[in-house]
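First comes the structure, then the notes that go with it.
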Amino acid sequence: MAKFGKKQKVSENIPTSALPDIIFMLLFFFMVTTVLREQEILVEQKIPAATQLQKLQKKTLISYIFIGKPKDTATYGTEPRVQANDALMATSDIVQWVNQERDMLPEADRGLITISMKVDRDVKMGPISDVQSELREADARRVLYASIGKVQK
Amino acid sequence: MARKKNRMSTEVNAGSMADIAFLLLIFFLVTTTIASDKGILNILPPKLDPNNPPPEIDLNARNIFNILINANDQLLVEDEFRDNSEGLDEDVKAFILNFGAPNEEATALYNGLPSSLKALAKRDPESSDHPGEAVVSIKTNRGTSYEKYLEVFDLAKKAYFDIYAERVNLTTDEYRALSGKDDAEVSLQDRGKEGIPMAISIAEPDKIGS
């Protein structure tokens with residue numbers, strides 16, 4: 001007769017000492033790719049998709065403008081607004097803002113300032129062209145229409 | 001002797017390390033926004049000087065590829081109505097490479113093109129003279145949606161990038177990814193662009209439909 005009771009016990013411990021290593025690896029990945037958000041975005045942002053995306057080399061030259069419907073519609077209404085840094089601003093203040101941003105760059109790079117326009121896809125061209133004519137006024141002519149990659153068929 | 005000493009267990013209990021690492025991991029997972037500094041680059045025209053208006057440049061109408069987008073996102077391409085932008089990039093390419101009346105320089109350019117691009121040259125006298133003259137003009141309404149505008153602008157850029165890439169034997173994606181960091185990449189970029197300037201003009205939108 002077989003004896004069931006006397007089966008030898010196998011060690012039940014699964015070695016988990018490699019687990020922290022794996023977690024740390026993931027952790028470092030996220031630490032490296034993370035950009036802590038510098039500002040709170042006050043306008044809606046559904047970035048449109050496009051195919052011909054280019055990546056800019058020098059990130060320090062980029063300043064961001066956000067355009068979209070304010071999230072807080074009770075205070076700011078439903079018309080698209082412009083946000084630069086962490087405050088909504090009037091279109092006429094853009095020239096001053098660009099000059100401030102430009103002053104923060106090193107002397108040699110001032111002509112290369114690039115404005116990344118993060119525009120909600122529901123915005124019409126009217127406010128955008130107003131912003132663009134202000135940017136022309138401020139002589140910040142490199143504009144990047146921020147967009148995400150479109151899945152190509 | 002030291003060798004005979006009973007060794008203490010040297011293993012450090014590392015079980016809670018995983019917990020701590022998890023905690024940090026979750027923190028970074030939550031706060032992460034993977035930076036997306038990609039987009040379509042556009043160079044705006046210089047500002048107008050009211051005392052010194054820009055010289056009137058007479059471009060023949062045949063050298064301008066007109067794209068109008070109205071407030072309902074409908075397109076008028078070269079006076080033809082279109083409901084969507086399908087195939088627009090091919091039309092722009094055919095327009096740029098038409099070589100209707102090339103001058104000496106453009107003839108040399110034409111001879112240097114790969115045969116797949118030569119095949120696009122229809123030599124239509126009603127279309128552009130040569131790539132150096134051709135301008136793609138996009139005009140919107142104030143009521144046009146940004147999404148549509150970007151789509152059309154994207155296609156116009158695609159036409160140019162397709163041509164550039166074809167000339168240097170790369171795929172369009174590879175050409176766009178050239179960073180210009182070393183000389184080899186810069187020379188590839190220049191060879192692609194040579195003689196074919198990217199001329200996309202964004203006209204001031206008119207007031208209707210805001």
Side-chain angles (χ1 to χ4, degrees), chain A residues 16-17 19-24 26-31 33-37 46-57 59 62 67 114-130 132-133 135-150 152, chain B residues 11 14-22 24-29 31-48 69 71 89 140-151 153-158 160-161 172-173 176-177 179-181 202 204-205 207 209-210:
Chain A
T16 54
S17 55
L19 188 67
D21 299 0
I22 297 165
I23 307 296
F24 267 118
L26 278 170
L27 176 63
F28 287 139
F29 168 73
F30 278 99
M31 280 176 76
T33 54
T34 286
V35 186
L36 289 180
R37 203 170 273 169
K46 293 191 297 287
I47 302 291
T51 55
Q52 307 300 303
L53 304 180
Q54 279 170 296
K55 210 170 177 179
L56 289 186
Q57 296 305 318
K59 270 194 183 170
I62 306 176
I67 306 175
T114 306
I115 309 295
S116 173
M117 298 223 301
K118 299 204 164 182
V119 185
D120 188 89
R121 68 170 77 132
D122 293 333
V123 177
K124 302 287 181 198
M125 283 307 286
I128 294 169
S129 73
D130 291 345
Q132 280 181 350
S133 62
L135 289 177
R136 280 173 66 179
E137 196 63 39
D139 206 27
R141 285 165 44 213
R142 287 165 63 84
V143 170
L144 186 79
Y145 299 118
S147 46
I148 48 175
K150 191 188 270 179
Q152 288 184 33
Chain B
E11 216 171 278
S16 53
M17 187 151 80
D19 299 1
I20 296 165
F22 260 124
L24 280 168
L25 175 64
I26 288 164
F27 167 71
F28 277 101
L29 268 168
T31 55
T32 287
T33 43
I34 291 187
S36 60
D37 277 321
K38 285 183 171 177
I40 302 177
L41 195 63
N42 182 20
I43 311 286
L44 300 174
K47 74 173 162 194
L48 295 173
I69 319 172
D89 52 331
T140 60
N141 257 183
R142 287 186 70 88
T144 307
S145 76
Y146 174 66
E147 202 176 6
K148 195 73 184 175
Y149 161 71
L150 203 64
E151 186 185 323
F153 190 51
D154 190 42
L155 285 173
K157 281 229 154 188
K158 179 170 186 288
Y160 275 104
F161 277 125
T172 312
D173 288 333
R176 254 186 299 110
S179 57
K181 264 187 188 147
I202 313 291
E204 201 97 337
K207 302 283 181 211
S210 60

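Everything numeric here is computed off the predicted structure, so don't read it as measured data. Proteins get letters first, then strands, A, B, ... in listed order; numbering begins at 1 in each. Just so you know, these numbers use all the heavy atoms, side chains as well, and skip hydrogens, waters and symmetry mates.
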task: Could you look at A:Ala138 and say if it's the side chain, the backbone, both or neither that has a heavy atom under 4.5 Å from chain B?
output: neither
- request: Among the options A:Ile22, A:Ile47, A:Leu27, A:Leu144, pick out the one with the most heavy-atom pairs lying under 4.5 Å from chain B.
  value: A:Leu144
- request: Please state whether the side chain, the backbone, both or neither of B:Phe161 comes within less than 4.5 Å of a heavy atom of chain A.
  value: side chain
query: Distance-only, no hydrogens or angles: does the B:Thr144 side chain make a donor-acceptor pair with backbone N or O of B:Ile69 under 3.5 Å?
result: yes
- request: Give the intermediate values and the outcome of side-chain contact (heavy atoms from CB on, under 4.5 Å) for residues B:Asn141 and A:Met125.
  value: CA-CA 7 Å; B:Asn141 257 183; A:Met125 283 307 286; over 6 Å; no
query: Once you round to the nearest 0.5 Å, how far does CD of B:Glu151 lie from NZ of B:Lys158?
result: 12.5 Å
task: Against chain B, label A:Leu26 side chain, backbone, both or neither, depending on which of its atoms sit under 4.5 Å from a heavy atom there.
output: both
message: With a 3.5 Å distance limit and no angle check, can you tell me whether B:Asp89 reaches the backbone of B:Leu155 through a side-chain donor-acceptor pair?
response: no
Aromatic ring pairing B:Tyr149/B:Phe153, orientation class (parallel under 30°, perpendicular over 60°, tilted between): parallel
query: Given a strict heavy-atom distance threshold of 4.5 Å, which part of A:Asp122 is in contact with chain B: side chain, backbone, both, or neither?
result: neither
- line: Ranked by heavy-atom pairs below 4.5 Å to chain A, first place among B:Ile43, B:Ile20, B:Ile26 goes to B:Ile43
task: Using the side-chain contact (heavy atoms from CB on, under 4.5 Å) rule, take B:Leu25 and A:Phe30 through it: C-alpha gap first, then chi angles, then the decisive distance, then the call.
output: CA-CA 7 Å; B:Leu25 175 64; A:Phe30 278 99; 3.8 Å; yes
- prompt: Do you know which of A:Asp139, A:Asp120, A:Ile23, A:Val123 has the most heavy-atom pairs with chain B at a distance under 4.5 angstrom?
  reply: A:Ile23
- prompt: Got a donor-acceptor contact below 3.5 angstrom from the B:Lys157 side chain to the B:Leu41 backbone?
  reply: yes
- line: Looking only at A:Arg141, A:Arg121, A:Gln54, A:Met117, most heavy-atom pairs under 4.5 Å shared with chain B are made by A:Arg141
- request: Between chain B and each of A:Ile128, A:Leu135, A:Val119, count heavy-atom pairs under 4.5 Å; write down the option with the most.
  value: A:Val119
message: With side-chain contact (heavy atoms from CB on, under 4.5 Å) as the criterion, how do A:Gln52 and B:Thr172 come out once you've worked through the C-alpha distance, each side chain's angles and the decisive distance to 0.1 Å?
response: CA-CA 9 Å; A:Gln52 307 300 303; B:Thr172 312; 3.9 Å; yes
- prompt: Between A:Arg142, A:Gln132, A:Lys124, A:Glu137, which shows the greatest number of heavy-atom pairs under 4.5 Å with chain B?
  reply: A:Lys124
statement: If one checks every heavy atom of B:Leu24 against chain A at 4.5 Å, the contacting part turns out to be both
